[in-house]
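These notes are about the structure you will find just below.
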Number of protein chains: 2
Amino acid sequence: MVTIKDVAKRANVAVSTASYALNGVKKVSEETRRKVLQAAEELNYRKNGFAADLKKSKTQTIALILSDLSGPFYSELIRGVQDIAVDHGYDLIACNSLGGQNSTAAKFLTERRVDGCIILAHNITNEMIEKSASPAFPIVLLDRQLERAHTVPIIVDNKNGGYKATTFLIQKGHNNIAFIGGPADSHDGQMRFEGYLEALQEHHIDFQSRWKVTGNFTREGGELAAKIIAAQDERPTAIFVANDEMALGAMEYFQKVGIRVPEDISIIGFDNILESKYTAPKLTTVQHPKYEMGALASHVIFQLLDGEETEKSFTLHTELIMRETVIDIMTKLRG
Amino acid sequence: MVTIKDVAKRANVAVSTASYALNGVKKVSEETRRKVLQAAEELNYRKNGFAADLKKSKTQTIALILSDLSGPFYSELIRGVQDIAVDHGYDLIACNSLGGQNSTAAKFLTERRVDGCIILAHNITNEMIEKSASPAFPIVLLDRQLERAHTVPIIVDNKNGGYKATTFLIQKGHNNIAFIGGPADSHDGQMRFEGYLEALQEHHIDFQSRWKVTGNFTREGGELAAKIIAAQDERPTAIFVANDEMALGAMEYFQKVGIRVPEDISIIGFDNILESKYTAPKLTTVQHPKYEMGALASHVIFQLLDGEETEKSFTLHTELIMRETVIDIMTKLRG
DNA sequence: CTGTTAGCGCATTCAT
DNA sequence: ATGAATGCGCTAACAG
């Protein structure tokens with residue numbers, strides 16, 4: 001391994017001089033600078049970033065920890081984070097938390113390999129987060145309500161989103177509305193469900209537990225849930241599905257078995273993933289501010305890093321996206 | 001910042017003992033181990049991973065460099081890489097190469113921050129790659145034909161894939177076949193086109209340049225391309241689209257303007273992204289071995305790292321996925 | 001089983 | 001403008 005020492009030797013200068021030359025510090029004459037650069041080139045010298053970071057005790061990079069690096073949902077979030085990070089001259093690396101305590105993510109959290117991090121992964125424990133956060137290592141939490149020193153949560157108003165979705169259905173004349181939810185440990189899913197409940201109550205519609213079915217936020221989960229709903233003797237006229245992926249799965253199932261969307265059953269999703277715009281019919285859904293969330297998270301990290309004051313927590317709002325999978329019940333009856 | 005020294009002091013042991021205890025080396029008595037651990041706990045000690053890496057000159061992580069962290073295509077690839085990496089006890093971090101020479105990716109390439117890397121990004125120059133590769137830093141190149149020492153390319157047989165797709169269309173009786181390609185600098189796209197050409201020639205079908213239109217591999221590009229094709233007075237009976245995303249866009253356009261797929265026009269795509277299975281009608285396409293590619297890349301990295309011999313390069317094959325968007329021209333004429 | 005010590009590769013202060 | 005010397009936090013060889 002060729003080090004800066006080797007370069008210095010070859011260029012007949014001291015290490016410090018080599019370092020200056022390599023890093024563009026202007027203390028060194030053009031003459032020697034070129035000598036050093038050439039020596040480095042000849043030896044194919046690569047600097048060891050860690051050593052540099054160790055010395056400077058600054059990594060100039062932030063990490064984004066996701067429970068799963070793949071999935072359509074994350075694309076926009078990542079873009080948001082990235083855009084702001086590069087603005088600040090920081091690097092972004094993404095890693096996943098599969099494996100929990102032993103994951104790559106854990107290493108970044110506990111070993112000071114980055115200057116700060118943004119977490120959207122529910123298999124990282126609150127305890128780990130609390131222990132890791134410090135003035136020099138701020139953490140932004142996405143979709144997790146945990147206020148601590150040096151830790152700021154950004155959540156989206158899932159409950160209100162669920163409320164809006166359900167209210168919209170009710171306004172369209174539906175009062176037999178099913179709910180396809182997420183896994184029990186999903187805080188998001190739970191909040192969306194509460195919004196659903198609230199809308200129901202407000203309109204004096206009884207909640208029917210047989211019409212609450214739980215999926216796992218995947219396309220397949222949506223199919224299965226749809227199947228369960230379709231199998232019952234009385235069928236709801238509309239479904240609020242807790243995320244778009246499941247909604248797409250449900251739509252597919254209904255199409256397969258000849259139940260028409262929206263003529264026979266209306267569907268509203270949640271998230272507004274890219275894909276939802278391209279289905280036939282186009283999915284009516286609730287906009288989740290993914291990009292904004294990423295960008296804001298990035299912003300907050302840098303404020304924290306700069307020692308500025310920030311809000312204790314942030315809440316982002318949702319928005320109804322009306323497309324083609326919800327039909328007015330009157331239209332339906334006439335049809 | 002609390003260091004291992006502080007911990008040692010508080011526990012009344014030497015640094016080495018603290019290090020052993022912290023790292024679970026069994027040279028130390030249970031008694032002292034607990035003492036050290038407790039001291040660490042009390043001081044909220046976090047180890048500096050860099051310092052450790054520096055000392056060990058091993059990072060135990062590999063990087064995956066993508067030109068864009070988002071996009072449906074990458075999900076499966078990432079899974080493949082990841083699965084193998086964790087098998088080997090390695091961590092995986094993903095970073096993107098947006099920004100070219102100054103990107104995060106570049107840092108990882110040139111600053112030895114990881115033990116090896118897998119690159120699927122065409123804005124990283126060959127030169128950079130050549131300079132970075134070394135026995136201690138193997139590089140696996142995806143979809144880029146560049147054989148060098150310590151650098152092994154994995155490519156998919158795009159040409160043959162294009163050939164298969166086109167031949168399939170011809171066998172179904174089509175001889176007016178348009179091609180929607182990718183950007184000019186896409187090697188993949190170019191190869192797929194060559195396969196198309198070869199199939200045409202083999203069946204003595206003249207290539208018509210007006211039926212070659214170029215998109216940018218996005219959904220919108222596909223829509224636009226479809227529009228251009230539809231606008232011509234004579235219309236092809238089939239289209240080979242160089243990737244699924246564009247095929248989806250094209251299908252959407254055709255549906256919008258009342259051109260039926262496949263009754264009026266057959267479409268075959270390329271990649272077999274998850275989504276293509278969920279369209280109506282379901283997209284006929286060519287399978288791109290994404291997961292396998294990732295897994296293989298990972299494998300190769302570890303072989304290289306272990307100093308084993310590997311093939312100079314790998315070629316992965318494609319497979320026709322027959323679904324619903326290609327119709328036999330006879331059926332069509334009868335219809 | 002525990003302590004002393006020598007670097008890992010680099011940036012940087014203080015002389016010169 | 002340049003060089004010698006120091007130490008960042010950690011691991012591991014060696015000595016006790």
Side-chain angles (χ1 to χ4, degrees), chain A residues 1-37 39-40 43-61 107-108 110-115 132 134 136-137, chain B residues 1-37 39-40 43-61 107-108 110-115 132 134 136-137:
Chain A
M1 150 138 307
V2 24
T3 77
I4 198 173
K5 219 182 243 168
D6 302 312
V7 176
K9 194 179 296 173
R10 180 169 188 114
N12 284 317
V13 297
V15 228
S16 58
T17 309
S19 174
Y20 288 141
L22 257 9
N23 291 308
V25 180
K26 59 227 156 215
K27 289 188 181 182
V28 38
S29 71
E30 184 57 23
E31 169 71 15
T32 33
R33 209 180 81 84
R34 284 171 36 77
K35 242 182 6 191
V36 171
L37 258 33
L43 295 171
N44 191 30
Y45 163 73
R46 328 256 85 193
K47 95 152 149 190
N48 182 324
F50 291 144
D53 285 346
L54 175 59
K55 185 63 191 173
K56 293 187 295 196
S57 64
K58 257 285 197 172
T59 66
Q60 207 71 5
T61 108
K107 242 166 125 166
F108 279 89
T110 59
E111 299 188 358
R112 314 200 148 288
R113 288 167 185 274
V114 287
D115 293 346
S132 305
S134 77
F137 191 80
Chain B
M1 149 137 306
V2 23
T3 76
I4 197 173
K5 221 181 243 167
D6 302 314
V7 175
K9 194 178 298 172
R10 179 166 190 115
N12 285 318
V13 297
V15 254
S16 60
T17 308
S19 174
Y20 290 140
L22 257 8
N23 292 309
V25 179
K26 58 228 155 211
K27 287 190 184 181
V28 15
S29 71
E30 184 57 22
E31 168 73 15
T32 32
R33 209 181 82 85
R34 285 170 34 79
K35 245 186 0 194
V36 171
L37 258 32
L43 295 170
N44 191 28
Y45 164 74
R46 326 256 85 192
K47 96 153 148 187
N48 183 325
F50 291 145
D53 286 345
L54 175 59
K55 182 63 188 175
K56 293 187 293 195
S57 62
K58 258 285 197 169
T59 67
Q60 207 71 3
T61 108
K107 242 167 126 167
F108 278 89
T110 60
E111 299 188 358
R112 315 196 148 289
R113 286 169 186 276
V114 287
D115 292 346
S132 304
S134 77
F137 191 79

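A note on names: the letters A, B, ... follow the listed sequences, proteins ahead of strands, and every chain is numbered from 1. Worth saying up front: this structure is predicted, and the values here are computed from it rather than measured.
Between the side chain of A/Thr61 and the backbone N or O of A/Val114, no donor-acceptor pair lies under 3.5 Å. A distance-only check finds a donor-acceptor pair linking the side chain of A/Asp6 to the backbone of A/Thr3 [under 3.5 Å]. Put simply, the side chain of B/Ser57 never gets that close to the backbone of B/Leu54: no donor and acceptor are under 3.5 Å apart. The backbone N or O of B/Phe50 lies less than 3.5 Å from a partner atom in the side chain of B/Asn48, making a donor-acceptor pair. Side-chain atoms of A/Ser132 never come within 3.5 Å of backbone atoms of A/Thr110 as a donor-acceptor pair (strictly under, hydrogens ignored).
The distance from atom CD of A/Glu31 to atom P of D/dA1 is 14 Å, rounded to the nearest whole Å. Summarising the geometry, the separation between CG on A/Asn48 and C1' on D/dC10 is reported as 14 Å, rounded to the nearest angstrom. Between A/Tyr20 atom OH and D/dA4 atom C1' there is a gap of 12 Å when expressed in whole angstrom units. Look at NZ on B/Lys5: it is 13 Å from P on C/dT4, rounded to the nearest Å. Summarising the geometry, the separation between CD1 on A/Ile4 and P on D/dC8 is reported as 19 Å, rounded to the nearest angstrom. For the pair A/Tyr45 OH and C/dG9 C1', the computed distance is 7 Å after rounding to whole Å. A straight line from NZ of B/Lys9 to P of D/dC10 spans 13 Å, rounded to a whole angstrom. The distance from atom CG of B/Leu22 to atom P of C/dT2 is 14 Å, rounded to the nearest whole Å.
Candidate nucleotides D/dA4, D/dC10, C/dG9 were compared by shortest atom distance to the side chain of B/Thr3, and D/dC10 ranks first. The A/Thr17 side chain lies nearest to D/dT2 when the options are D/dG9, C/dT2, D/dT2.
With a cut-off of 3.5 Å on both pairing distances, the Watson-Crick and G-U wobble pairs of DNA chain D assemble into stems of 3 or more at C:1-16 with D:1-16.
Looking at A/Ser16 and A/Ser19, their side chains never bring a donor and an acceptor atom within 3.5 Å of each other.
Scanning atom types as modelled, no donor and acceptor separated by under 3.5 angstrom connect the side chain of B/Thr32 and the base of C/dT2. Residue-to-nucleotide contacts include a donor-acceptor pair under 3.5 Å from the side chain of A/Ser16 to the base of D/dA4.
Here A/Phe50 lies out of heavy-atom contact (under 4.0 Å) with every strand. Among the heavy atoms of the strands, none lies under 4.0 Å from A/Val15.
Between B/Lys27 and A/Lys47, the residue whose closest nucleotide on DNA chain C is further toward the 5' end is B/Lys27.
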Steps toward side chain to side chain contact (heavy atoms under 4.5 Å, CB included) verdict (B/Lys47, B/Asn23): CA-CA 10 Å; B/Lys47 96 153 148 187; B/Asn23 292 309; 3.7 Å; yes
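Salt-bridge check for A/Asp53 with A/Arg113: failed, with every basic side-chain N at 4.0 Å or more from each acidic carboxylate O.
In this model, the phosphate group of C/dC10 is not approached by any side-chain N or O of A/Ser19 to a distance below 4.0 Å at OP1 or OP2.
The stretch residues 52-60 of chain A comes close to DNA chain D through A/Leu54, A/Lys55, each having a heavy atom under 4.0 Å from the strand.
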